[in-house]
Chemist: 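Provided herewith is a single structure, encoded as structure tokens, for subsequent inquiry.
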Amino acid sequence: MRKLKVYLLTGRTIEQGKAKEFGKTSNLYKDSVAVCYIDPSDMKTLGIKSNTPVKVSTDFGSVVVRAEKSSRGSHPGVVYIPYGPWANQVVDPETHGIGMPSFKGVPAVLEPVPGEKVKEIEELLRDSFGEGSKR
Amino acid sequence: MRKIENVICPVCGSLCDDITVYVEDNRVVEVENTCAVGRAKFLNYGLHRKPKPLIRKNGELKEASIEEAVRRSAEILTESKYPILYGWSSTSCEAIRVGLELAEEVGGIIDNTSTVCHGPSILSIQDVGIPSCTLGQLRHRADLVIYWGSDPYSAHPRHIERYTVFSEGRFQKSGWRSFIRRLSGKLVKKRLSRVAELILRRKLTFPEEKYALPPYFISEEERKLVVVDVRKTRTAEVADYFLQVKPNTDYEVLQALRMLVNDQDLEVDEVAGIPVRTLEDLADLMISCDFGILFFGVGLTMSKGKLRNVDAALSLVRDLNKRTKFLIMPMRGHYNVTGANVVFTWQTGYPYAVDFSLGYPRYNPGETSVVDILRRGECDAGLVVASDPVSNFPASAAKTLVDNPLIVIDPDVTPTSMMADVVFPSAYIGIEAEGTAYRMDHVPLRLKKVVEPPPNCLPDQEILARILREVRRIRRG
Amino acid sequence: MALLIRNGYVYDPMNGIDGEKMDILVEGGKIVDKLKSAEYEVIDASGMIVMPGGVDIHSHIAGSEVNAGRLLRPEDHAKDVELKTEITRSGVGYSVPSTFTTGYRYAKMGYTTVMNPSMPPLEAKHTHEELCDTPIIDKATYPLLGDWWFVLEYLRDGKIEECALHVAWMLYATKGYAIKLVNPGGLEAWGFGRNVRDIDDPVPYFNVTPREIIRGLCKVNKLLHLPHTIHVHTNNLGKPGNYETTLQTMKCVEDLSSGDKPCIHITHCQFSAFKGVDWREFYSGAEDIAKYVNFHKHVTIDMGQVIFTDTTTMTADGPFQYILHELTGNKWVNHDVETETSSGIVPFRYRRRSYVHSIQWCIGLELALLIRDPWRIFLTTDHPNAGPFTSYPQVIGWLISRKAREETLSKLNKRARETALLPSIDREYSLYEVAIATRAGQARALGLKDKGHLGVGGDADIAIYDVDPRKIDPSTQYDEYVKAFSKAAYTIKEGEIVVRNGEVVKVLDGKTYWVKVSSNSEYEVSEDMKRRFTEYWTVQFDNYPVSEAYLKRSKPVQVESEV
């Protein structure tokens, strides 16, 4: 499988804003944020289509989300995941002493993982925070 | 069916106040004038809300009475040495006032969501100041509107229509006419090409007119919209001019523009991949307008350079005031994040990241900001109001919050409330409860109550006041 | 709780009482002549000064520009903090204190009524929310109306009565107390980065001059019978040579006064009394202003006394603040408010070594000492523009003692010392005059009938200062007075002891005064007006007014208007 070195951006989308109002446990929400928008040329390079699971890895973690073709202009080398629990597995927590982690422009590696599944929210939470005393 | 006019939309920092809501059987059945997000909220709020407060017992969240939940919360807060009180951007100013009193009482740290949003902007404002205004000022006067690192189409859907390019002002007319012209021009081209393909069996090519024109080309009296971003956003599609910058290069581009505005020469051919000619055009456009506004989003605060990017943007606009009238405004996300900053500031002197552990307000982002405290693992309890840090913080920071006792006051079920020890399903401010919120330009508005909340869902303010009373009762015996 | 304040030296200028030893009786929050209840607390005030609670006619304590100043200056707060106690909230100072700290610090100085002079009407809710969190003191706030589009248009068309009705609605909608004008016309021009040059320079696009605005609103003020006069921050404020603009401003309403009643208040006059052509050729214009005021009864002014310290300047005068930013290179906040006003904030340090700052310091005191009638010149520092309000005792020191002035003068810039008029002025304020300049005069100018005096029926807002005027000479031992005025022995608010020995012992909520005009023709907001409203503002008409729910303790002042 081919891999790509990309920059990861996170941010708001109107779909995420809408889906949030249907509840964060809804499928709609998962569909709107467990997704990675990729430039069509990059998708071609990787040989994948929309909805193929892809793994985004950074120095801070990795997460599997579904791929989606970015319809907004061309931005090869830049991928976009909307704000949410999936994105936050891989953003840079370093605040450089000012309180603000780096949510945008994080260097990342993108690879298709056709066999893997995108985790449900409960599973994702359990895996990040462990069984712990609470669960 | 009851019709309620001029309702304020409790979603984003634009706080549109012209919403019409129709209510039947204590339920919103129809809304007018909202954007898609606002509509989704008014028509679908509270789908998953729990009917009663929850307390975690033996690892599971179980229903409890409000009194029990208040008592348990007060116990958590009084037993804690250094609790975090976080959130506050999606609740009323009245609730924030009580929250600050509670934070002071328990000697904790109180921080709002601007810490992971426009916190760096605030730090820069404290360094260089900010020339700004209310949104109506732009509607009446702005002939140049720049969105930099912000995508209002997605995050503040009605911003352009209500306040900037497509709004109608006293001295400036709406830019929608030229937009329609451009759109119909596009349509005609499309049709022509299709006909050509059918008849001539070949593709027609048109010159890329929109981007071939120099950016300082102003169509007479109409406003001009420029978008600068790392990717072609939806807003960029309606712009007169779109400048694409590479990720993490905003600082260089802004400083280069600053040099050009100050008549200094750039002795290179390109800056961060953008030809100097293009930057010169943009600088000329900024200088030659009568009234310019630069909106910046978290595209600047969240990428490399953070506060320095904003610093450069603020300085650029400040310098422009030597040549023309130019103002700047951060695009604030949540509907009352501005209000959180405002209330924090009048009560404590500081807009966010306030530490009460010494008995007086202390402020030192990096030390007293919530992500840093969580990453250092210093806090031993948390209270989260109307926010979802477990979703929105880097996972390593969220872990500390989850590992300690956690109280959540939120009408929605969120990953944070799923990991909490006490959950108060509260009333939706602006739908089921009144309250004050501040628009992104610091204009206060009174949110309305259009329906009754369910019996066990109190407004945030009331829940916090009860916890505060209980805390005082425990502490003072 | 009833109180008997025994044997104090009472200074109550409204009732002509000048340091007589007498008792004051308090019951039900009012001054009474006889106590009904047998139970009362006795305060032994022998050897102390008893005065009405202090009244401040002009102090920026709340609202969007003050708060922007707070946000801008973390470095100002870190050096001056207030700890939380069992009864008081924590907070920070210094030049822009947090709301709670503001209330406590005023009360500690024996002040009980403070006027917030600058409120953008669109952001009125913000001002009132902050005033609710400003404890103990009574307060009121003035909406900025001098650059309001409706006003400009009415006055351009000469529609005074319509304008009056609209201003009446505005006072109701913003819960305001008086008409405030800041650089009339200039703020609208600032919308496009411009300014007006003098009071006859027409406002761009509106075809109305500052003179017409000032006169128009002065007439409106009279028609509505408002308790205070128009409150004017002059055009050209802060520019050398502006004393002429100030004289013109005062002259332009000369014919509108009736009898001895003032019809215009020139605020922080120090900033508007500059003579000269530039910052090098810069002199005091206080003498000219004082001469005019001495011969014309229609004017009241307040000082805007400069304090040598690091402070934060904030006014609605956007163009002036920009000049200040250009001059100093200090950080700058600008906040223009659609259709209404603007504002600016710049941190500033007044230095003794600076010639200009030294002259400014002289101007304030020259005004206070050259104007003969103490009922028409009031002590302010235009908090925080010329210095924080906590410096008032220091200003009192300079007023009561020539020696105090000489002490400061000796440290001033040499050129200023040699050219200024101040060193040759011998006048020293008596304590009676101090009481006028810090409470009685201000209360009278504001039309607050229950404030600023200790006559029967007045509000029991009382300050007691521990300094014996028969033993301690103000002229030579002024520092004893400065100390006493900084920390009131007792502050009584509505009959409750709120401060003892300079410490807050009880916290209560003050009232918010606002003017409710009743008019002959019931004012109705027409559909046309609502339509224009939607065109002018970005908020809906219904969402604009401040409801009474925003006032913790609402105190409407009823007035009968002529329209």
Side-chain angles (χ1 to χ4, degrees), chain A residues 7-26 33 37 39 60-61 70-75 77-78 80 83-106 121-122 124-125 128-135, chain B residues 11-12 36-37 40-41 44-45 47-48 56 59 115-116 119-120 123 151 153-155 157 230-234 236-237 242 244 247-248 298-299 301-304 306-307 333 353 365-366 369-372 375 388 390-399 402-403 412-415 418-419 421:
Chain A
Y7 277 113
L8 166 68
L9 307 179
T10 68
R12 287 198 181 92
T13 65
I14 199 157
E15 289 81 8
Q16 164 251 346
K18 257 176 8 192
K20 192 157 61 85
E21 305 303 339
F22 287 86
K24 289 193 170 172
T25 47
S26 65
V33 300
Y37 293 98
D39 191 82
F60 320 100
S70 171
S71 54
R72 318 243 88 79
S74 74
H75 49 78
V78 177
Y80 189 92
Y83 291 152
W86 285 269
N88 286 301
Q89 302 297 316
V90 289
V91 294
D92 181 358
E94 177 57 51
T95 75
H96 301 104
I98 61 158
M100 176 73 164
S102 304
F103 288 114
K104 291 184 196 281
V106 185
I121 181 106
E122 288 85 359
L124 186 79
L125 292 178
S128 345
F129 303 117
E131 297 292 322
S133 57
K134 289 187 183 173
R135 292 226 153 211
Chain B
V11 174
C12 79
V37 184
K41 173 145 187 179
N44 300 293
Y45 70 90
L47 286 181
H48 308 271
R56 193 174 291 279
T115 195
V116 293
L123 291 174
D151 180 14
Y153 188 95
S154 300
V230 292
R231 60 189 192 112
K232 191 166 182 193
T233 58
R234 293 186 187 188
E237 284 172 2
F242 169 56
Q244 186 159 10
N248 297 334
V298 287
T301 63
M302 287 182 174
S303 54
K304 191 176 164 193
K306 293 172 188 170
L307 75 166
S369 41
V370 69
V371 174
D372 297 272
R375 287 189 69 216
D388 184 14
V390 170
S391 292
N392 297 334
F393 282 178
S396 59
K399 192 162 187 343
V402 172
D403 286 347
D412 289 318
V413 177
T414 66
M418 288 154 74
M419 305 304 281
D421 296 272

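Just so you know, these numbers come straight off a predicted model, no measurement behind them. Reminder, nothing fancy here: chain letters follow the sequence lines and each chain counts from 1. Atom set for the values below is all heavy atoms of this structure, side chains included, hydrogens, waters and symmetry mates excluded.
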Chemist: Would you say that A:Glu94 contacts B:Arg375 through its side chain, given a criterion of any heavy-atom pair below 4.5 Å between the two side chains?
Modeler: yes
Chemist: What's the shortest heavy-atom distance between A:Ile98 and B:Ser369, and which atoms?
Modeler: C-OG, 4.4 Å
Chemist: Of the listed residues (B:Asp412, B:Thr414, B:Asn392), which shares the most heavy-atom pairs with chain A below a 4.5 Å separation?
Modeler: B:Asn392
Chemist: Non-hydrogen atoms of chain B under 4.5 Å away: do they reach the side chain of A:Tyr80, the backbone, both or neither?
Modeler: side chain
Chemist: Name the member of A:Val78, A:Thr25, A:Val91 that forms the most heavy-atom pairs with chain B at distances under 4.5 Å.
Modeler: A:Thr25
Chemist: Heavy atoms only: give me the nearest B:Val371-A:Thr95 pair and the separation to one decimal.
Modeler: CG1-CG2, 3.8 Å
Chemist: Strictly below 4.0 Å, N to O, side chains only: are B:Arg234 and A:Glu15 in salt-bridge contact?
Modeler: yes
Chemist: Answer with side chain, backbone, both or neither: which region of A:Ser102 has an atom nearer than 4.5 Å to a non-hydrogen atom of chain B?
Modeler: both
Chemist: What's the shortest heavy-atom distance between A:Ser26 and B:His48, and which atoms?
Modeler: CB-NE2, 4.4 Å
Chemist: So which part of A:Ile121 gets closer than 4.5 Å to some heavy atom of chain B, the side chain, the backbone, both or neither?
Modeler: side chain
Chemist: What residue, out of A:Pro101, A:Gly77, A:Gly23, has the most heavy-atom pairs lying under 4.5 Å from chain B?
Modeler: A:Pro101
Chemist: Which one, A:Lys18, A:Gln89, A:Lys20, leads in non-hydrogen pairs under 4.5 Å with chain B?
Modeler: A:Lys18
Chemist: Find the one option among A:Gly97, A:Pro85, A:Ala87 whose heavy-atom pairs under 4.5 Å with chain B are most numerous.
Modeler: A:Pro85
Chemist: Is A:Phe129 close to B:Val390 at the side-chain level, that is, under 4.5 Å between some pair of heavy atoms?
Modeler: yes
Chemist: Which atoms of A:Phe22 come close to chain B, meaning under 4.5 Å heavy atom to heavy atom: side chain ones, backbone ones, both, or neither?
Modeler: both
Chemist: For the residue pair B:Val298 and A:Lys104, what are the closest heavy atoms and their distance?
Modeler: O-CE, 3.5 Å
Chemist: Measure distances from A:Leu124 to the heavy atoms of chain B and classify the residue's part below 4.5 Å as side chain, backbone, both or neither.
Modeler: neither
